[in-house]
2 protein chains.
Amino acid sequence: MSANAELARLVARAQPRFRTTAEFVEATLREAILTGAIAPGTPLRQEELAETFGVSRMPVREALRQLEARALAEFHPHRGAVVAEISATDAADIGAIRMALEPMALRLSLPSLTTDDLAQADELIAEMDGEADPGRMGELNRRFHMTLYGRAGHPRLLALVEQHLLAADRYLRFQFAALGYHPRSQDEHRALLAACRAGDGAAAERLVMEHVGEAAEQLTAFLKEREAG
Amino acid sequence: MSANAELARLVARAQPRFRTTAEFVEATLREAILTGAIAPGTPLRQEELAETFGVSRMPVREALRQLEARALAEFHPHRGAVVAEISATDAADIGAIRMALEPMALRLSLPSLTTDDLAQADELIAEMDGEADPGRMGELNRRFHMTLYGRAGHPRLLALVEQHLLAADRYLRFQFAALGYHPRSQDEHRALLAACRAGDGAAAERLVMEHVGEAAEQLTAFLKEREAG
DNA sequence: CAGTGTTAGATTGGATACAATATCCTGGCA
DNA sequence: TGCCAGGATATTGTATCCAATCTAACACTG
């Protein structure tokens, strides 16, 4: 069996409201990879993808190159592209990047946060409380974080942050499996929001760094054990 | 285990000569953009580039998509790609990212730095002393920083750091114009190296953050004034 | 039977030609 | 002047074709 079934569903659902075919293909594949709909290591055959998407090979190749630049696919010359592998060290890598970027984003954003932003973050926490589906949970978590960082006004920084929040989502089901993620994470979310509300930048930065760091550490340990076993 | 480590080194050094045409085009264009050989805002016409490189349009398009993913080019549907603009806010953006990432990279790398690494960093500082050419200066500066971060062992993080060191190079000639860059920066390099040599992680992290931050601040102020004038 | 050619098939990488489409520019017209 | 129709231009996407090369299976050799 190859890339598909699941992917075909995503293709069907994806809205044709993209500027170009290549971007439509890229966005759809990216989502499929990030959500795990296409497993790591899966070959991404051009002809097959072209047929699945109902397009020619060229936009597919452009999309694959973009995925490569985002570290979501790997190219092996004359052997084609495969979905980038996941690993304990990769998870640690992403965790380190998040621990570096997110406190900075928060620092830049905090002074400009509005009461509306804080209220929205509050709502997102509440929504997460009742959420069991990992995919939906990942999205809510991402929106919570991005809401707090959103006023930073540094588009490149924010794009990187979001990209790595998304990258972290590839590990979401392991995150859940690593146990205890949900409730402790929610406590940390609340503490973080409280610090933001109080305008305590130093505390907020520390909390977000710990929040990300602890999750990454748990996850990495879990994956290491899994790889060893 | 077999055909020894020595061979592995030779293989690794038997340098890539690009794997594909698309990668050759991408690397060349990237360098041209980063060094300023192609000015911001310049249209990147496919046909023209294809002819210049002596290739067809297909690898050119793949290369352009990769440049887009690296924020070095912007696509405007049906109007083509242009070299990404530079601005004071963009410089500040890159500065913020570097201030976040580089201390983290240094923290992870410092414990594993060898005396060879430190000696090489020393040499690079000495080389920079006698250097007047901005392009060469940028390369030496980049190598100095990457030498210190190189043992971090987090490939994604290091790739991001290098990418933004390169991105900063787009602003190099303004960096020089903003004055005082060279001598003060060299003092900071020496102080940073000393802290690394002493194994004082906290100080090293602080120094690198200040080093990056001050340069970015000066540069941003210079560009703001220039944009206003 | 391990190890080494050899060959066939599949897939990518790239070139070329052409059709479709969106943007910009310009010139005529109210 | 203002505007709008339409052509020039460029990009976007499709359809083929071909060369390079990777994989795998098989045959050969010692």
Side-chain angles (χ1 to χ4, degrees), chain A residues 1-4 7 11-12 14-30 33 38-39 41-70 72-85, chain B residues 1-3 7 11 14-30 33 38-69 72-85:
Chain A
M1 140 129 160
S2 45
N4 290 314
L7 178 57
V11 172
Q15 312 209 350
R17 281 305 164 229
F18 287 94
R19 303 187 304 171
T20 67
T21 306
E23 289 179 12
F24 157 66
V25 173
E26 197 267 344
T28 309
L29 279 178
R30 186 173 58 202
I33 293 172
I38 315 184
T42 307
L44 296 165
R45 268 181 267 285
Q46 300 174 6
E47 199 77 49
E48 186 179 317
L49 291 173
E51 195 174 352
T52 306
F53 282 94
V55 301
S56 70
R57 265 174 59 201
M58 185 178 298
V60 170
R61 280 165 67 165
E62 289 180 37
L64 290 178
R65 286 291 179 188
Q66 287 183 290
L67 293 174
E68 183 196 24
R70 293 186 207 283
L72 291 177
E74 295 167 10
F75 268 77
H76 304 279
H78 291 101
R79 287 193 294 156
V82 300
V83 177
E85 297 286 352
Chain B
M1 178 73 168
S2 58
L7 178 57
V11 171
Q15 265 308 336
R17 260 347 268 130
F18 296 94
R19 303 185 305 172
T20 68
T21 305
E23 289 179 12
F24 158 66
V25 173
E26 197 265 346
T28 308
L29 280 177
R30 185 172 57 203
I33 293 172
I38 315 183
T42 307
L44 296 165
R45 270 182 271 283
Q46 300 176 5
E47 199 77 48
E48 186 180 316
L49 290 173
E51 195 172 353
T52 304
F53 282 93
V55 300
S56 73
R57 273 175 33 214
M58 186 176 302
V60 170
R61 279 167 67 166
E62 289 180 35
L64 290 177
R65 286 292 179 186
Q66 286 183 291
L67 293 174
E68 183 195 25
L72 292 178
E74 296 167 9
F75 269 78
H76 303 280
H78 290 102
R79 289 195 310 159
V82 299
V83 177
E85 298 285 353

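Residue numbers begin at 1 in each chain, while the letters A, B, ... track the order of the sequences.
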Asker: How many whole angstroms separate atom CZ of Arg61(A) from atom P of dA15(D)?
Answerer: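 Nearest whole value for this atom pair: 16 Å.
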Asker: Output the rounded distance in Å from CD (Glu47(B)) to P (dT9(D)).
Answerer: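 Rounded to whole Å, this separation is 13 Å.
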Asker: Nearest whole Å is fine: how far is dT12(D) P from Arg45(B) CZ?
Answerer: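 Answer to the nearest Å: 13 Å.
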Asker: Between Pro40(B) and Ala84(B), which heavy-atom pair has the shortest distance, and what is it?
Answerer: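 Smallest interatomic distance, heavy atoms only, reads CB-O, 3.5 Å.
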Asker: What is the distance, to the nearest angstrom, from the CZ atom on Arg79(B) to the C1' atom on dA8(D)?
Answerer: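 Nearest whole value for this atom pair: 17 Å.
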Asker: If you compare every side-chain N and O of Ser56(A) against the phosphate oxygens of dG13(D) (OP1, OP2), does one of them come in below 4.0 Å?
Answerer: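 For dG13(D), OP1/OP2 do not have a side-chain N/O of Ser56(A) under 4.0 Å.
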Asker: What is the distance, rounded to the nearest whole Å, between atom NE2 of His78(B) and atom C1' of dT9(D)?
Answerer: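 To the nearest whole Å, that distance equals 12 Å.
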Asker: Heavy atoms only, 4.0 Å cut-off, all strands: where does Ala81(B) land among base, sugar-phosphate and nothing?
Answerer: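 It contacts nothing in the nucleic acid.
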Asker: For the CG atom of Leu29(A) and the CG atom of Leu67(A), what is their distance to the nearest 0.5 Å?
Answerer: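 So the gap between those two atoms works out to 5.5 Å.
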Asker: When all nucleic acid strands are considered with a 4.0 Å heavy-atom cut-off, which category describes Arg57(B): base, sugar-phosphate, or nothing?
Answerer: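 The residue Arg57(B) makes base contact.
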Asker: Is any side-chain heavy atom of Leu64(B) closer than 4.5 Å to a side-chain heavy atom of Phe75(B)?
Answerer: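 Yes. Closest side-chain heavy atoms under 4.5 Å.
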Asker: Any chance you could measure Glu51(B), atom CD, to Arg45(B), atom CZ, to the nearest 0.5 Å?
Answerer: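 One finds 13.0 Å between CD of Glu51(B) and CZ of Arg45(B).
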Asker: Between which nucleotides of DNA chain C, 5' to 3', does chain A make heavy-atom contacts below 4.0 Å?
Answerer: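 Going 5' to 3' along DNA chain C, contacts run dT11(C) to dG14(C).
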Asker: Indicate yes or no: does Glu62(B) engage Arg65(B) in a salt bridge with an N to O separation below 4.0 Å.
Answerer: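 Here Glu62(B) does not pair with Arg65(B) in a salt bridge, since their nearest N and O are not under 4.0 Å apart.
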Asker: Within this structure, what is the CZ-to-C1' distance between Phe75(B) and dT12(D), rounded to whole angstrom?
Answerer: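 Taking atom C1' of dT12(D) as the reference, CZ of Phe75(B) is at 10 Å.
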Asker: Supply the atom-to-atom distance Glu85(B) CD to Thr42(B) OG1, rounded to the nearest 0.5 angstrom.
Answerer: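 So the gap between those two atoms works out to 8.5 Å.
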Asker: Could you give the CE-to-P distance, from Met58(B) to dC18(D), as a whole number of Å?
Answerer: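 For the pair Met58(B) CE and dC18(D) P, the rounded distance is 15 Å.
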Asker: Mind checking if Gln46(A) touches a base, just sugar-phosphate, or nothing, with heavy atoms under 4.0 Å?
Answerer: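 Sugar-phosphate contact only.
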Asker: In terms of relative ring orientation, are Phe18(B) and Phe24(B) parallel, tilted or perpendicular, with 30° and 60° separating the classes?
Answerer: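 Answer is tilted, since the angle falls between 30° and 60°.
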Asker: Can you tell me the distance, in whole Å, between the CZ atom of Phe24(A) and the P atom of dG13(D)?
Answerer: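 Between P of dG13(D) and CZ of Phe24(A): 11 Å.
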